[in-house]
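Presented below is the structure to which this report refers.
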Protein chains: 2
Amino acid sequence: MSSRPQAAEEPGEPSGAGFSRITKESLSDRAYLEIRTALMRSRLRPGQKLQLRPLSAELGLSATPVREALLRLVSEQALELDERGTAVVPRLDRARLLEVRDLRAELEGKSTARAAEIADPAEIARLEEIHAGIPEALAEERFQRAVELNERFHLELCAMARLPILYQFVTSLWLRCGPILSHLYDDGVMEWDVHPHVRIIEALHRRDPEAARTAMRQDIIQGGSGLLRYVDEAAPS
Amino acid sequence: MSSRPQAAEEPGEPSGAGFSRITKESLSDRAYLEIRTALMRSRLRPGQKLQLRPLSAELGLSATPVREALLRLVSEQALELDERGTAVVPRLDRARLLEVRDLRAELEGKSTARAAEIADPAEIARLEEIHAGIPEALAEERFQRAVELNERFHLELCAMARLPILYQFVTSLWLRCGPILSHLYDDGVMEWDVHPHVRIIEALHRRDPEAARTAMRQDIIQGGSGLLRYVDEAAPS
DNA sequence: TGCAGTTACTTGTTATAACAAACTACAGAT
DNA sequence: ATCTGTAGTTTGTTATAACAAGTAACTGCA
């Protein structure tokens, strides 16, 4: 079976000689990345069915790797199976969104605290760079760009904690929200006196885990309110 | 694609008329359960390779559903893929075991606190019954039995919180430890004045989330020390 | 016109064949 | 005896066919 990167954009592991090992990506992995990206970019709507043969035709692959990719996403809870076994983009109700939010607060809080203990200056600079793009994108009303940068900020920060299991949990939580992330700024952009990302970055510089944790939790609980409103409005009466 | 139960032993969802919906289990699901059980019963050793064709022959199935089952377990991080794409039972080093332990403390602590808020007396009675079997099994030196009852106690308690995403994370953490769980009592049985399970049950009765959380964390941190010793002893020098 | 039964079509699951890459065993050269 | 090259075998991945179950369309009857 094919090797599988921990994160989609992660380069191959360096071999002893300083070269990345050249890995041939399987068709199954390619299908997985395509579908996952479509989920994260909100190109797939909650409730949408992903039928095997039409999807395979669309991706230009045979059914086998596409089915494997779908089943993988089902295992990661990014997709569900209906009674017939068809992959469906899950609907996220209020209870589930709150659970996702609380688990993110817990887990990303923990990873951010850990990152504050061990982060190096280059990593922090990288975060600063990513964050700098967010207010820019928002000012230009490029909301999709802002959503992507926000996601990148969170996942790179999480990776800095070097807790791979926790990272996997966090990415799967993000993946669950992928189809509705585009609605984050539907009701407008939240006004912060100091953006929690900035507080996080300061706490990283100061090696202050508790301040980092608190700022992350604030970002998640308050910053995610747009999604909660969207889910409430989308709910059947 | 086949429907998939949330937990392996969970009965089908009741239909309106009070009957369980009869679901035909797919071969892929059957293979998954077989392999997962083998992992949880420590019948598969860390480092062991699971080759597709021999395993399919052993299970009496064709390669396709077996491959799907293996890939599903890889997605759940219960198995890994080596360079060739062969499924391997992962080795658990100290850092990973500590991460598992800390995440369990965090997540099971949270679910236990939640359960203390909402558990009903029948559920608590069920936990009491499960727990009662543990000291019995240990007294009779049936350690495998004790390990299974302990696992059941934890997972049923976690399910009582009615937080399905958290439950999925917790079961995947348990699955990671499956192959080494049998070593829990290698160095002897831990002596408690009051077993943390008993404290948990009391806290559930009293609807005291913080006491429940604390007892669960104690159980996990201190009760899991046998596994930590095993992993340290198994580590290459 | 509405309903029940039948037929045709679609869809997910599984089996099996084929292919490429990796591995193993063996023979020959040094 | 050791190393290299070659042939044979194994293994994971993919393609494709087949099957059973589900769905849609059509027909006949009240």
Side-chain angles (χ1 to χ4, degrees), chain A residues 1-5 12-13 15-16 19-36 44 47-76 78-90, chain B residues 1-5 12-13 15 20-36 44 47-76 78-90:
Chain A
M1 305 192 209
S2 63
S3 65
R4 181 185 285 168
E13 203 127 11
S15 64
F19 291 101
S20 296
R21 191 184 68 202
I22 295 171
T23 54
K24 170 136 172 40
E25 185 179 61
S26 71
L27 297 183
S28 177
D29 281 345
R30 280 172 48 190
Y32 169 80
L33 289 177
E34 283 283 332
I35 301 163
R36 195 176 90 161
L44 300 174
Q48 186 170 348
K49 297 194 188 222
L50 302 184
Q51 285 176 323
L52 183 54
R53 290 181 174 88
L55 182 58
S56 304
E58 189 176 327
L59 295 172
L61 301 174
S62 75
T64 307
V66 175
R67 176 171 165 82
E68 285 180 8
L70 289 173
L71 289 179
R72 181 172 164 190
L73 286 159
V74 168
S75 290
E76 294 177 1
L79 295 177
E80 285 175 345
L81 298 177
D82 69 11
E83 335 71 53
R84 188 165 184 187
T86 306
V88 184
V89 181
Chain B
M1 303 193 209
S2 63
S3 66
R4 181 185 287 167
E13 204 127 13
S15 64
S20 295
R21 192 186 69 202
I22 297 171
T23 53
K24 165 124 173 49
E25 184 178 62
S26 72
L27 298 183
S28 177
D29 281 346
R30 281 171 50 189
Y32 170 80
L33 289 177
E34 283 283 331
I35 302 164
R36 196 176 89 161
L44 300 175
Q48 186 169 346
K49 296 193 186 219
L50 301 185
Q51 286 175 323
L52 182 55
R53 289 179 175 88
L55 182 57
S56 305
E58 188 176 328
L59 293 172
L61 301 174
S62 74
T64 307
V66 175
R67 177 173 164 79
E68 286 180 7
L70 289 174
L71 289 180
R72 181 171 164 191
L73 287 158
V74 168
S75 289
E76 292 179 1
L79 296 177
E80 285 175 347
L81 298 177
D82 68 11
E83 332 73 55
R84 191 172 184 177
T86 306
V88 184
V89 181

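Any value given below was found using the heavy atoms of this structure, including those in side chains, with hydrogens, waters and symmetry copies removed. A note on names: the letters A, B, ... follow the listed sequences, proteins ahead of strands, and every chain is numbered from 1. Given the structure is predicted, the values throughout are model-derived calculations rather than measurements.
Between the side chain of B:S56 and the backbone N or O of B:L52 there is at least one donor-acceptor pair closer than 3.5 Å.
Straight-line distance from the CG atom of A:L50 to the P atom of C:dT11: 13 Å, rounded to whole Å. For the pair B:L52 CG and D:dT14 P, the interatomic distance rounds to 13 Å; values are reported in whole Å. We find that CG of A:D82 is positioned 17 Å from P of D:dA21, with the value rounded to whole Å. Protein atom NZ of B:K49 is 17 Å distant from nucleotide atom P of D:dT10, rounded to whole Å.
With DNA chain C read from its 5' end, the first of the two nearest nucleotides for A:Q51 and B:A63 is the one closest to A:Q51. Residue whose closest nucleotide on DNA chain D sits further toward the 5' end, between B:R53 and A:P65: B:R53.
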### Task
Could you walk me through whether B:E68 and B:R72 pass the salt bridge (Lys or Arg N to Asp or Glu O under 4.0 Å) test, one step at a time?
CA-CA 6 Å; B:E68 286 180 7; B:R72 181 171 164 191; over 6 Å; no
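The two residues A:S26 and A:D29 have their closest heavy-atom pair at OG-N, 3.0 Å.
The side chain of B:S26 lies closest to C:dT14, out of C:dT14, D:dT11, D:dT14. Taking the side chain of A:L27 as heavy atoms from C-beta on, and the options C:dT14, D:dT14, C:dT11, the nearest nucleotide is D:dT14. Comparing C:dT11, C:dA21, D:dT16 against the side chain of A:R84 picks out C:dT11 as the nearest.
Exactly one of A:L44, A:L73, A:T86 qualifies for a side-chain contact (heavy atoms from CB on, under 4.5 Å) with A:L50. That residue is A:L44.
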